[in-house]
Amino acid sequence: MSTALVGLPFLKGHGTENDFVILPDPLGDLSLSPAVVARLCDRRAGVGGDGLLRVVRCDALSEGRALADRATWFMDYRNADGSVAEMCGNGVRVFARYLWHAGLTDDTEIAVGTRAGVRTARLSADDGVTVGMGRAELPSGPGATAAVTVGERTWPALHVDMGNPHAVAFVEDLGHAGALLDAPGVAPAAAYPHGTNVEFVVDRGPAHVALRVHERGSGETRSCGTGACAVMVAAARRDGHDPVADGRAVTYTVDVPGGRLLITERADGMVEMTGPAVIVAEGVIDRAWLDPAELGR
Ligand SMILES: N[C@H](CCC[C@H](N)C(=O)O)C(=O)O
């Protein structure tokens, strides 16, 4: 006799192979401990993902209520280790694709609440999604730059804040970053009191770069949307572009190990990122493995 799985619905999705466990929780009644998130993101014993996107109505959680007049849904993003992060660019694309897939919206322009504020996603007929990623902040003063170390090698890095922190290091060859099994050393640590994502960048041609990324709380991933935006802005400034100052938008192609992103910094400073977003599968988390009671249900 088949025993139907009775438990928690979930979906899997990815954007340029930055993959996520998607947990619908419209009324916000799940309590997700870091340990439970880590179990769900475990690639062997769990569902597997670089992170988790909990889908909650803005008016159903304290962090979202202030945004409820501008967005219906809040993306509660968690890293694979269970830590909370302010924003996830690939995640917003997948989140918007999920809302459409689940019939929770019939708009193709969707405002999404995040810990970094409201981000707007535009769905295209193929699997592409364009997200307004906000404006890049380049801190000045002591926290503007850092030194990034992997093994015996150290590089200068530019601090770029996309709502979450990034240390962007231009290197001669992406292989020089080694296996990236551990977090690169970043000094001074005071520049990043809550840790940071670290990107290594090489040029591929005019307005065309490629990166590898070690993500805070997730390790090396195949892509990082906020990281790709941080890299684009760092490369644009290195190349003498400052759209707000010179009134000219600039677009870069950013290749990540999991695919390609097109990123534009507009004359108003808004950074727009376009890339794919795919819903791969949906299923049920068996209560024998994760009792909803562990989630406060
Ligand atoms: N993968 C995400 C970034 C997650 C950043 C997270 N690791 C952090 O701690 O900031 C993205 O596509 O933007």
Side-chain angles (χ1 to χ4, degrees), residues 11-26 49-61 63-64 66-78 85-136 162-164 221-230 232-233 249 251-254 256 258-266 268-280 282:
L11 298 93
K12 266 297 298 256
H14 80 89
T16 53
E17 299 181 8
N18 191 197
D19 64 331
F20 308 101
V21 179
I22 301 165
L23 272 191
D25 181 21
D50 292 328
L52 181 145
L53 312 177
R54 184 166 70 115
V55 186
V56 200
R57 289 182 56 87
C58 281
D59 57 13
L61 80 169
E63 296 170 283
L67 308 174
D69 59 332
R70 287 175 288 154
T72 302
W73 295 99
F74 187 90
M75 180 183 77
D76 174 10
Y77 172 77
R78 313 293 179 91
E86 302 85 350
M87 223 322 256
C88 177
N90 289 320
V92 172
R93 297 204 313 276
V94 173
F95 189 92
R97 183 65 65 195
Y98 161 74
L99 294 177
W100 177 269
H101 168 92
L104 295 174
T105 182
D106 52 13
D107 294 329
T108 53
E109 183 141 341
I110 306 166
V112 174
T114 79
R115 291 187 178 89
V118 173
R119 297 293 187 261
T120 301
R122 289 197 309 276
L123 301 178
S124 54
D126 57 13
D127 64 5
V129 184
T130 296
V131 178
M133 294 287 289
R135 290 167 177 76
M162 288 303 303
N164 60 352
T221 60
R222 302 272 293 160
S223 178
C224 176
T226 49
C229 292
M232 180 268 170
V233 170
T251 298
Y252 277 65
T253 299
V254 181
V256 296
R260 175 164 285 183
L261 296 165
L262 273 182
I263 301 176
T264 295
E265 186 178 17
R266 300 184 332 204
D268 63 358
M270 176 63 76
V271 177
E272 284 194 332
M273 172 173 66
T274 299
V278 179
I279 301 295
V280 174
E282 53 189 307

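Taking CG from Leu52 and CG from Asp76, the interatomic distance works out to 7.5 Å, rounded to the nearest 0.5 Å. Taking CG from Asp69 and CG from Asp59, the interatomic distance works out to 11.0 Å, rounded to the nearest 0.5 Å. With rounding to the nearest 0.5 Å, the separation of OG1 in Thr108 from CH2 in Trp100 is 6.5 Å. How far CE of Met273 is from CG of Leu262: 11.0 Å, rounded to the nearest 0.5 Å. From Met270, atom CE reaches atom OG1 of Thr120 across 7.0 Å, with rounding to the nearest 0.5 Å. Rounded to the nearest 0.5 angstrom, Thr274 OG1 and Arg260 CZ are separated by 13.5 Å.
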(message) If you apply the rule side chain to side chain contact (heavy atoms under 4.5 Å, CB included), what do you find for Asn18 with Val94, and how did you get there?
(response) CA-CA 10 Å; Asn18 191 197; Val94 173; over 6 Å; no
(request) Give the C-alpha distance, both sets of side-chain angles, the deciding distance and a yes or no for side chain to side chain contact (heavy atoms under 4.5 Å, CB included) between Val233 and Met133. (result) CA-CA 12 Å; Val233 170; Met133 294 287 289; over 6 Å; no
(request) May I have the step-by-step check of side chain to side chain contact (heavy atoms under 4.5 Å, CB included) for His14 and Arg222, ending in yes or no? (result) CA-CA 10 Å; His14 80 89; Arg222 302 272 293 160; over 6 Å; no
(message) I'd like to know whether Arg119 forms a side chain to side chain contact (heavy atoms under 4.5 Å, CB included) with Met75, so could you lay out the CA-CA distance, the side-chain angles of the two residues, the decisive distance to 0.1 Å, and finally the verdict.
(response) CA-CA 10 Å; Arg119 297 293 187 261; Met75 180 183 77; over 6 Å; no
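Arg93 places no side-chain N or O within 3.5 Å of a backbone atom of Ala121 that could act as its donor or acceptor partner. Arg135 places a side-chain N or O within 3.5 Å of a backbone atom of Asp268 that can act as its donor or acceptor partner.
Residues Arg115 and Phe74 are in side-chain contact: their nearest non-hydrogen atoms beyond the backbone lie under 4.5 Å apart. Side-chain contact check for Asn90 versus Phe20: some heavy-atom pair is nearer than 4.5 Å. The shortest side-chain heavy-atom distance between Cys88 and Phe95 does not fall under the 4.5 Å cut-off. Within the 4.5 Å cutoff, no side-chain heavy atoms of Thr114 are placed close to those of Tyr77. Contact check for Val55 versus Leu99: side-chain heavy atoms found under the 4.5 Å cut-off. A 4.5 Å side-chain heavy-atom check between Thr72 and Arg57 finds at least one atom pair inside the cut-off. Contact check for His101 versus Ile22: no side-chain heavy atoms found under the 4.5 Å cut-off. A heavy-atom distance below 4.5 Å is found between the side chains of Glu272 and Arg122.
Gly163 approaches Ala116 most closely through the heavy-atom pair CA-CB, 4.1 Å. A pairwise comparison of heavy atoms in Ala71 and Ala111 identifies CB-O, 3.6 Å as the closest pair. The nearest pair of heavy atoms linking Val129 to Leu123 is CG2-CD2, 3.6 Å. Residues Met162 and Ala230 share a closest heavy-atom pair of CG-N, 4.0 Å. The heavy-atom pair separating Gly128 from Ser124 by the smallest distance is O-OG, 2.8 Å. The two residues Gly113 and Leu67 come nearest to each other via the heavy atoms CA-CD1, 3.8 Å.
For the residue pair Asp50 and Thr221, no side-chain donor N or O sits within less than 3.5 Å of a side-chain acceptor on the partner.
A salt bridge links Lys12 to Asp19: one of the charged nitrogens lies within less than 4.0 Å of a carboxylate oxygen.
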